[in-house]
Number of protein chains: 2
Amino acid sequence: MYTIGKLSKNTGVTVRTLDYYDEIGLIKPSAKTSGGHRLYNDDDLMKLERVLALKYMGFSLDKIKVIMENSNPTWEQSIQQQLDLVKKEQERLKMLEHTLNGILYSIELEGEVSWPIVFSIIQLYQQDPEKALEQYKEYLNIEEMEKVMKMNATNMSKADIQEWVECIKDIKNHLDLDPTSDKARVLAERWLNQAEKMFDCDENLLGSMWEALQNMGEGIVFYPMDKDVVHFIERVFTINNQQRERNDDS
Amino acid sequence: MYTIGKLSKNTGVTVRTLDYYDEIGLIKPSAKTSGGHRLYNDDDLMKLERVLALKYMGFSLDKIKVIMENSNPTWEQSIQQQLDLVKKEQERLKMLEHTLNGILYSIELEGEVSWPIVFSIIQLYQQDPEKALEQYKEYLNIEEMEKVMKMNATNMSKADIQEWVECIKDIKNHLDLDPTSDKARVLAERWLNQAEKMFDCDENLLGSMWEALQNMGEGIVFYPMDKDVVHFIERVFTINNQQRERNDDS
DNA sequence: CTTGAACACAACGTTACGTGTGGTTTTATA
DNA sequence: TATAAAACCACACGTAACGTTGTGTTCAAG
């Protein structure tokens, strides 16, 4: 027989918590002294340990109560449900992580918090990823979309992203460069290298993506790849191609 | 100028919430009618949208208040902190996911909830993963441990695990089989196949793991690989090896 | 000028306890 | 055995971020 204080010390649960569990009928002491002090036995201790285990699994006290009352068959189901919940929450957090990362990159690129960009980024991730990609469906088929999704989620390391940001930052700072200049060509080629690395060897996908980027007029596309950057690269490459053709002709 | 109702409809935020934000001084209306009705202007609307954005990022209203008051330089830091927090929470949830999965498998194996096993599994994952592996450090070096960690986290698909569980379940149901019998040999070889698939082609790692499994007496090792199973497999293989040697001699 | 909608303000409920306060019971010491 | 000290009980209020409900007031339309 333990008093509430002993039980508290044995389990690390505060007295107040045990008090509360008694109050809501989760763990009632199996006896009381004549003076009204609560006395717990080993059965109660076991119950408490089970409650703590269920709490660790993330169940609410309400559910724990229900689970402990009707024993046997619901258990597996409850745990499965909890597992699904945990998975969903993880997905939410991963989205949030991407959002926060995007915002951090935007701060780094712009030098300060740009609210329109923040809103765009949030909008981009807020809806489920499928909807976010829906705007591309004119240019990409389903397989390609899945590839892009996977790429965005797994293939890009911290360092890769950093390189991207640096590259785009550089281009943004030189948007007014003469497209025929060497510097412009270097910038565009650096971008192309990045893109090819990212899309590995899937030239088709890169082409489709590029077409999509060019045609999607509105605001942010894939942050930090905005319209200005896309148009800059486009100008540089068209001009260089024309020059090369002329060279080939002569 | 919007009344509280208009602002509510424009933003999708309930009137009560705006009421509350006014109450805690987060967004105060910039004017009031003579009758005391609140009037919000476009500045207030912008503020509200920023608050919503920060809320989406997971900040508490308290922090949002602080952030909105002292503007500029703390932003990046705050967001970085939030990002770190999100990452930590994700790690916690991943651990929890593993725990819940383990418990589900244990239910499948035992046919019911076995509390000692549940406690072991929780203990296994509760502490950070490094500590969980510390018990193996007598038998594995750092590189090997990292490999095991990665394997546990990524390489195993749902189906792989299912196969494992089936295999172990089968063995558990036949622990008292004669180690020289064909059935026993089949079971042990099935286990070996699984193990080789899991460890791919890293025979050394498999050997070290096996040694560790044999020597770690206490309770759960890698659930669902408990002592009984390990000893069964050990018996079968030693006996079969002896027989083969005798055959070679004769 | 009247009605009904919109609004302001207040109070209580939610989760899982923390943090007290004052009074009672048990235990240890003199 | 008397008294001090520790443990305990019950009660109540506070947390975050609002939802819900209720009452009294003001606004806009007819």
Side-chain angles (χ1 to χ4, degrees), chain A residues 1-41 44-45 47-68 82 85 89 92 96, chain B residues 1-41 44-45 47-68 82 85 89 92 96:
Chain A
M1 286 293 193
Y2 317 88
T3 69
I4 198 170
K6 304 285 178 188
L7 188 61
S8 164
K9 272 182 193 159
N10 277 349
T11 60
V13 178
T14 67
V15 172
R16 174 65 183 112
T17 299
L18 292 171
D19 202 8
Y20 181 62
Y21 290 171
D22 182 14
E23 192 183 323
I24 64 174
L26 191 56
I27 294 174
K28 286 191 180 273
S30 44
K32 286 200 173 190
T33 67
S34 55
H37 284 196
R38 286 168 275 214
L39 294 174
Y40 298 87
N41 62 18
D44 298 327
L45 195 152
K47 256 209 238 174
L48 175 58
E49 279 170 350
R50 293 175 184 192
V51 166
L52 293 181
L54 290 169
K55 233 165 77 78
Y56 178 80
M57 297 182 214
F59 290 102
S60 72
L61 296 187
D62 258 9
K63 289 208 173 171
I64 293 178
K65 219 173 125 184
V66 174
I67 292 178
M68 303 268 297
Q82 193 63 19
L85 224 148
E89 180 65 6
R92 227 208 71 221
L96 185 52
Chain B
M1 286 294 192
Y2 317 89
T3 68
I4 199 169
K6 305 282 180 191
L7 188 62
S8 165
K9 273 181 192 160
N10 277 349
T11 58
V13 179
T14 67
V15 172
R16 174 65 183 112
T17 300
L18 292 171
D19 202 9
Y20 181 62
Y21 289 172
D22 181 15
E23 192 183 323
I24 63 172
L26 191 55
I27 295 175
K28 286 191 180 271
S30 45
K32 287 201 173 190
T33 68
S34 55
H37 284 197
R38 286 168 273 213
L39 294 174
Y40 297 87
N41 63 17
D44 298 328
L45 195 152
K47 256 208 240 174
L48 175 56
E49 280 170 348
R50 293 175 184 191
V51 166
L52 294 181
L54 290 169
K55 232 166 78 77
Y56 178 80
M57 296 183 215
F59 290 102
S60 72
L61 296 187
D62 257 10
K63 287 206 174 172
I64 293 178
K65 221 172 121 184
V66 174
I67 292 178
M68 303 270 295
Q82 193 63 18
L85 224 147
E89 181 65 7
R92 226 207 71 218
L96 186 52

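In what follows, every chain begins at residue 1, and chains take the letters A, B, ... in the order their sequences are listed. Since we're looking at a predicted model, the values are computed, not measured.
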| said: Which residues pass the salt bridge (charged side-chain N to carboxylate O under 4.0 Å, His left out) test with E89(B), not counting sequence neighbours? | reply: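 Salt bridge (charged side-chain N to carboxylate O under 4.0 Å, His left out) check on E89(B) returns R92(B).
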| task | Using salt bridge (charged side-chain N to carboxylate O under 4.0 Å, His left out) as the criterion, list what pairs up with R38(A), not counting sequence neighbours. | result |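 Scan of R38(A) (salt bridge (charged side-chain N to carboxylate O under 4.0 Å, His left out), adjacent residues dropped) gives D19(A), D22(A).
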| message | When you compare the side chain of K55(B) with that of L61(B), does any pair of heavy atoms fall below 4.5 Å? | response |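 SC-SC contact between L61(B) and K55(B) confirmed.
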Expressed in angstrom and rounded to an integer, what is the separation of [X] atom [atom1] from [N] atom [atom2]?
X      : N       : atom1 : atom2 : value
L18(A) : dC8(D)  : CG    : P     : 10 Å
E23(A) : dA16(C) : CD    : P     : 13 Å
D22(B) : dA17(D) : CG    : P     : 17 Å
Y2(A)  : dA7(D)  : OH    : C1'   : 18 Å
I24(A) : dC17(C) : CD1   : P     : 8 Å

| query | Quick one: is dA10(D) close enough that its OP1 or OP2 comes under 4.0 Å of any side-chain N or O from K32(A)? | reply |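 Looking at the OP1 and OP2 atoms of dA10(D), one of them is under 4.0 Å from a side-chain N or O of K32(A).
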| said: Classify K63(A) by what it touches in the nucleic acid, base, sugar-phosphate, or nothing, heavy-atom distance under 4.0 Å. | reply: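 K63(A): no heavy atom of the nucleic acid under 4.0 Å.
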Taking the side chain of [X] as heavy atoms from C-beta outward, which of [options] is closest to it?
X      : options                  : result
Y20(A) : dA7(D), dC17(C), dG19(D) : dC17(C)
Y21(B) : dA7(D), dA8(C), dC18(D)  : dC18(D)
L61(B) : dC9(D), dA17(D), dC17(C) : dA17(D)

| side chain to side chain contact (heavy atoms under 4.5 Å, CB included) partners of D62(A), counting only residues at least two apart |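 Result, side chain to side chain contact (heavy atoms under 4.5 Å, CB included) vs D62(A): S60(A).
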| field | By side chain to side chain contact (heavy atoms under 4.5 Å, CB included) - contacts of K9(A) (at least two apart) | value |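 Side chain to side chain contact (heavy atoms under 4.5 Å, CB included) check on K9(A) returns nothing, list empty.
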Could you list the donor-acceptor pairs under 3.5 angstrom formed between side-chain atoms of residues 23-30 of chain B and any protein atom two or more places apart in sequence or on another chain?
unit_1 : atom_1 : unit_2 : atom_2 : d
S30(B) : OG     : N41(B) : ND2    : 3.1
S30(B) : OG     : D44(B) : OD2    : 2.8

| said: By nearest heavy atom, map I4(B) and T17(A) onto DNA chain C; which one lands nearer the 5' end? | reply: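 Result: I4(B).
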| request: For nucleotides 19-28 of chain C, just jot down a letter per nucleotide in 5' to 3' order: B, S or -, based on protein non-hydrogen atoms under 4.0 Å. | output: B-----SS--
